[in-house]
Each structure stands twice: as C-alpha cells, then as structure tokens.
Amino acid sequence: MLHVSRRRLLGGAAALALGRPAFAQGAPLKVGLMLPFSGTYAALGENVAAAFELYLQERGGRLGGRTVTLVRLDDESDPAKAPQNVNRLLERDQVEVLVGTVHSGVVMALVQAARERNVLLIIPNAGNDAATRELCAPSIFRTSFTNWQPAYGMGKVLAAKGVKKAVWVTWDYAAGKESGEGFGDGLRAGGGELTQVLTLPFPETNFQPILAQLPGLGVEAVGSFFAGGSAVQFVKDYAASGLKEKLPLCGSGFLTEGVLKAQGAAAEGLQTALHYGDGLDNPKNIVFRAAFQQKTGRAADVYAVHGYDACQLLAIGLDASKGDARAIKPMAAAMEAAKIDSPRGAFSLSPSHNPVQTIYLREARGGENRVIGIAAEALADPGTGCKMG
Ligand code: BEZ
C-alpha cells in the first residue's frame, strides 16, 4: 500500500491548485531551458544549453539529490511569443526551475513569471538591466552580465586613449540601448562623450544607410553592439566600406564573440571589452575548454561559460535546499553567498544577484579574442532601483 502523509497530500493539493508540481524528494526535477535554437542567436542558445548540460553531466545528472530532466524550448528570440512560451514550460511541461534566455526583450516574460509565481529563474545571458535593477527579486539570478557592464568597460578604455567623441551603432532594443548607455557612461568617466546612437530594428542587417552616415559625424571612434550571425555581417560590411582604417570600430565583446572565424580578416585588430577572452590562463578555464570541445566539437565562448555557470549556481541552490526548487529562501541564501569557480575567473554576485566581474580588453588576432588588458576590475552594475533589502 502506498502511504502518503496528510501534510504531503495537502501540500500536493495546494501546489496543484497553483498550477505547479509538488516537491517529492527523489522525484526527477524538471528544468526548463528557454533559449533561441533558431534565428540570429541560435548558436548562442546552443552553446548555453550544451555547457549547462556539460556541468550537469559532471554532477552525474543529479543536483540536490534529484535526477534532473532538461526541457528545451526554442524561443526564437521573439518577445511577442515569450509569455506563451513561458506558460508552456510552467503549465504544460510542469518545470520547477526556469533557465533563460539570450534576448533582452524575451527575458522580460521570464522575469515577470519568476516574480509573480516565485519560481527560481537563472538568466544565462540576456543582459536586460532591469532584471537586476528595478525588477530584481529573491527568485531571480543572473550568471552573465548587465548590458551596461561590458560596454562601460569599452567606453572607459576609449576615453583613457584620449578619444573625445564617439557614436554607438546597434539594434533598437534593450540590449542595444542599454549597452549604449554603458558605453556613454564609460566615455564620460574619462572625459569623453557619446554624441549619438544610430539604430536599426532587430534583427535587420541592412547596415548600409548607417555606414554611409558615419564619416560625416565628426567622431573619432565607433562603438557597437551586435551579436551572433548578424555581427558577422556588420563587421564584414564595416571593413568592406573602407571605414575600418579611418574610424576605429570597437564594442561590447559580443561583436566578435564566437564568430571570429566567420568574420575572418575583417575582424583582425578589433578591440572589444567582455568578461571573458580566449586563452584566459586559469586552471578552470583550461579544463572547461577541453571538456566543451570534446562534448560539442566546438570551441567554448562566453555563451558556453554563462550556461556552465548557470548550472553551477543552480547546483549550489539545490544542494542547500536538498532538491526543493520551491524553497527560495535557503536556495537564495546559498547562491547569494557563493563564489562561482568560473572559467572567466571566480566571481560572486552583487546584492541584486548580478555578477561582479572583471571586464577584459581583448583584441582579435588570428581567430582569437586575445586578452590584452583589464578594462574594469571587479565591476558591479550600478544596481539602481533594486529594493530587495
Ligand atoms: C541580449 O539581448 O541581452 C543579448 C543578446 C546577445 C548577446 C548579448 C546580449
């Protein structure tokens, strides 16, 4: 006969009424991976997912004493479909933890669900500033960056080189806009100025009208946020326009991350700022890169690092709650106190649950984003508006 305690029965009934699965010690834990597996950010989503899985495999497929099942959902980087996609994971698939996503617009539906339902959300890429500023919550954590952070580092480096005026070229959505703000803040901190932001809609790639304007703007440098397949085209178009030698192009490191081989000679010499770089000489990175290469046949990049660290952070939370993904308090306490042994170098989280991390200055050389300096040491996002106490 199966004995189910009254408390457990009632707990189960209450959970069902709320449309969420009851926690049963030892039962498999479903984790929803909502990521782009198609479109311009497809390669980013694949690397996040593969590295998340890599860490899970290193843990024998178990976290907090429970076997973990991953449920993958392609969000297509489409904000319009995001609320429905989140609902599918929570209601149809009954996942207990949300991990996602790459795109700063899409992540807002995940943030909303995590806040409203008090579900644990780990953001493994999307840099939307608000998620760890005014929309911060005890159940929301990020293992990547805010859009502000890498771009701030790049602006700071440019200003230190004596650049007085620069423009920002990007897509017209949160990641582009917020990285432009970071770039401007970095420039201003060193006595420079962001004079203009030029945009096109996401994910369009007709860069010619913008490229045609650049020589007439009276600036000394061009900063940029693009990523994935479209960053390949932007960097190639920039070089083909003949601007590369006249008006140095730089940016948040996503501009050349994971796409250098495809960009070829057009990217050679470009400087970018990011919290990761090829050839970072720490033991964790060396082991991680070899394991990722063996698992996927691809070289690791920052997106893989984000995914790996998302699973490391989840493991810390679930170990603390003994596998109860609904026990936000003990999970959050352990995750807040954690020092993550990341391939980027060890990092901890700010009070608003965003990495405090070193932003490296990199230069593209021979197919690698080589680290050539430090753009900003132990950089925290300003975290403005977060009221978690
Ligand atoms: C974003 O939308 O937040 C994003 C997308 C790709 C790379 C970096 C950030």
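Hydrogens, waters and symmetry mates play no part in the numbers below; they use all other heavy atoms, side chains included. Along the sequence shown, residues carry numbers from 1. Indexing begins at 1, ligand by ligand and atom by atom, following the structure's order.
The ligand atoms of ligand 1 that sit less than 4.0 angstrom from a heavy atom of N125 are 4 (C), 5 (C), 6 (C), 7 (C), 8 (C), 9 (C). Close approach of ligand 1 to F145 is summarised as follows: ligand atoms under 4.0 Å from at least one heavy atom of the residue are 8 (C), 9 (C). In the vicinity of A126, heavy-atom distances shorter than 4.0 Å reach the ligand 1 atoms 3 (O). Each of the following atoms of ligand 1 lies closer than 4.0 Å to a heavy atom of N147: 3 (O). Of all atoms in ligand 1, numbered sequentially from 1 with element shown, those under 4.0 Å from a heavy atom of H103 are 2 (O). Contact atoms of ligand 1 toward A175: 1 (C), 2 (O), 3 (O) (distance under 4.0 Å to a heavy atom of the residue).
Classification of R117 and E91 as a salt-bridged pair holds, one side-chain N sitting under 4.0 Å from a carboxylate O. Ion pairing between a basic and an acidic side chain is recognised when a charged N comes within 4.0 Å of a carboxylate O; D278 and R289 show such pairing.
Under the 30°/60° scheme for interplanar angles, the aromatic rings of H103 and F202 are found to stand perpendicular. Using cut-offs of 30° and 60° for the angle between ring planes, the F207 and F226 rings count as perpendicular. Ring orientation note: the planes of H275 and H306 are close to parallel, at an angle under 30° on the 30°/60° scale.
A cation-pi contact, defined as under 6.0 Å to the ring centre and within 45° of the axis, is absent between R59 and Y55.
Remark: D75 CG to T101 OG1 distance equals 3.5 Å, nearest 0.5 Å.
Note: an N/O pair closer than 3.5 Å links S104 and ligand 1 by distance alone. For ligand 1, the polar-atom distance check against A227 finds no nitrogen or oxygen pair separated by under 3.5 Å. The shortest N or O to N or O distance between Y173 and ligand 1 is below 3.5 Å.
No part of V107 comes within 4.0 Å of ligand 1, judged by heavy-atom distances. At a heavy-atom cutoff of 4.0 Å, ligand 1 is contacted by no atom of F226, backbone or side chain.
Counting heavy atoms from C-beta outward, M34 and N85 have side chains that approach closer than 4.5 Å.
Scanning all protein heavy atoms for the shortest distance to atom 1 (C) of ligand 1 gives V102 O, 3.1 Å.
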